[in-house]
Amino acid sequence: MADMRAFRDEVTDWAAGGPGEAARELAARLGVRTAVLLEGPSDLAAVETLAARRGRDLAAEGVCVVPMGGAMSVGRYASLLGPPGLALRLAGLCDEREQPFYDRGLERAGAPRRDFFVCVSDLEEELIRALGPAKVEEVIRDEGDIRAWQTFLHQPAQHGRPRQQQLRRFLGTKKGRKIRYGHLLVEALAPEQVPAPLDDLLTSL
């Protein structure tokens, strides 16, 4: 796992304009065959948590999960990791509104789109909808965030908003909270509740 994290770090540096030699060497040494492109670290937490729940060791399977830091980076990552670069198989998740970035980036890289799965708003919204607001609030309570949640609900901007929207916004109000709940909400899912895009992605790997 540590070596796969090192590979992910080298890919991030490469995408930022650094040299790619170390990433190439690690990809060959680790037997990396698939790169899963995700928008951010909260998606990474969710994917890795579900894989662990299903007894999967993605690193041992040659799968590296890569948070890109935003949808507009997909073209860069696809060109480095897909057919023009390391020639890895590409898979991933994207938000519906960001799909055009993915379509263009994958097309330019000559990478197939079949293993990219679309969330309606984002993965957090998919998880909240799958669990239901009451269960998400139970997770918040168990995590010790109930006071922060209640304070958030008293903000004027939240009055009258649907509960799912309030919960989604709450997850993004503090640094690191989306990542933490990306793990916690997946842990709270019953097997039959796993959102289709997340389930389809893991099944495709």
Side-chain angles (χ1 to χ4, degrees), residues 4-5 7-17 20 23-24 26-28 30-54 56-130 168 178-179 182 185-186 189 192-205:
M4 194 61 83
R5 288 198 185 106
F7 172 69
R8 185 163 62 212
D9 290 343
E10 290 296 339
V11 167
T12 301
D13 182 64
W14 191 14
R24 292 181 183 278
L26 280 169
L30 298 174
V32 183
R33 61 176 181 84
T34 300
V36 179
L37 304 182
L38 302 174
E39 290 193 25
S42 62
D43 298 335
L44 168 69
V47 169
E48 291 191 333
T49 299
L50 183 60
R53 283 191 59 180
R54 293 181 173 180
R56 302 273 304 271
D57 183 342
L58 295 182
E61 296 174 26
V63 177
C64 184
V65 186
V66 181
M68 301 181 295
M72 289 191 291
S73 298
V74 66
R76 176 68 173 156
Y77 278 85
S79 68
L80 297 179
L81 300 177
L86 299 185
L88 304 178
R89 174 183 168 229
L90 301 181
L93 293 172
C94 72
D95 303 343
E96 192 173 63
R97 67 181 178 279
E98 312 290 6
Q99 191 173 348
F101 291 115
Y102 280 72
D103 290 343
R104 289 194 295 270
L106 294 171
E107 183 178 3
R108 283 198 301 270
R113 200 193 160 284
R114 63 178 176 270
D115 293 325
F116 284 80
F117 304 94
V118 180
C119 301
V120 175
S121 293
D122 54 26
L123 185 53
E124 285 80 21
E125 189 270 341
E126 295 277 353
L127 293 170
I128 291 167
R129 179 154 36 90
R168 182 168 167 250
K178 283 178 70 172
I179 300 171
L185 296 184
V186 170
L189 291 167
E192 68 276 7
Q193 291 179 310
V194 177
L198 185 55
D199 183 49
D200 291 343
L201 174 63
L202 263 293
T203 301
S204 77
L205 300 176

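Every value quoted in this text rests on a predicted model; they were computed, and no experiment measured them.
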Would you check if Ser73 and Leu37 make a side-chain contact, meaning some heavy-atom pair closer than 4.5 Å? no
Heavy atoms of Phe7 and Leu30 approach each other most closely as CB-CD1, 4.0 Å
Heavy-atom nearest pair, Ala78 first then Gly105, reads CB-O, 4.1 Å
Residues, nucleotides or ligands: over 12 heavy atoms within 6.0 Å of Glu107 CD: no
Quick one: does Val63's side chain get under 4.5 Å of Arg33's, heavy atoms only? yes
Glu126 side chain reached by Leu93 side chain, heavy atoms, under 4.5 Å: no
In terms of heavy-atom contacts, Pro112 and Leu106 come closest through O-CD1, 4.4 Å
Residue pair Val11 / Leu80, side-chain heavy-atom distance below 4.5 Å: no
Write down the atom of Gly92, the atom of Leu201, and the distance for their closest heavy-atom approach. N-CD1, 3.6 Å
Residues in side chain to side chain contact (heavy atoms under 4.5 Å, CB included) contact with Thr12, at least two apart in sequence or another chain: Tyr77
Restricting to pairs with a member in residues 79-88, which pass salt bridge (charged side-chain N to carboxylate O under 4.0 Å, His left out), not counting sequence neighbours? none
Rounded at 0.5 Å granularity, tell me how far CG in Leu198 sits from CG in Leu50. 5.0 Å
With Glu96 via side chain to side chain contact (heavy atoms under 4.5 Å, CB included) - residues at least two apart: Val118, Val120
Would you check if Gln99 and Phe116 make a side-chain contact, meaning some heavy-atom pair closer than 4.5 Å? no
Could I get the full list of side chain to side chain contact (heavy atoms under 4.5 Å, CB included) partners for Asp199, not counting sequence neighbours? Arg54, Val194, Thr203
Is a salt bridge present between Glu125 and Arg97, judged by a nitrogen-to-oxygen distance below 4.0 Å? no
Tell me which pairs pass salt bridge (charged side-chain N to carboxylate O under 4.0 Å, His left out) where either residue lies in residues 65-89, with sequence neighbours left out. Arg89-Asp115
Residues in side chain to side chain contact (heavy atoms under 4.5 Å, CB included) contact with Arg104, at least two apart in sequence or another chain: Pro100, Phe101, Arg108
Output the distance between atom CG (Asp103) and atom CD (Glu98), rounded to the nearest 0.5 Å. 11.5 Å
How far apart are the closest heavy atoms of Cys64 and Met4, and which atoms are they? CB-SD, 3.5 Å
So how far is it from Asp200 CG to Phe117 CZ, rounded to the nearest 0.5 Å? 5.0 Å
Tell me if a side-chain donor or acceptor on Arg168 pairs with a main-chain N or O of Glu124 at a distance below 3.5 Å. no
Of Asp43, Leu127, Asp95, the one forming a side chain to side chain contact (heavy atoms under 4.5 Å, CB included) with Asp122 is Asp95
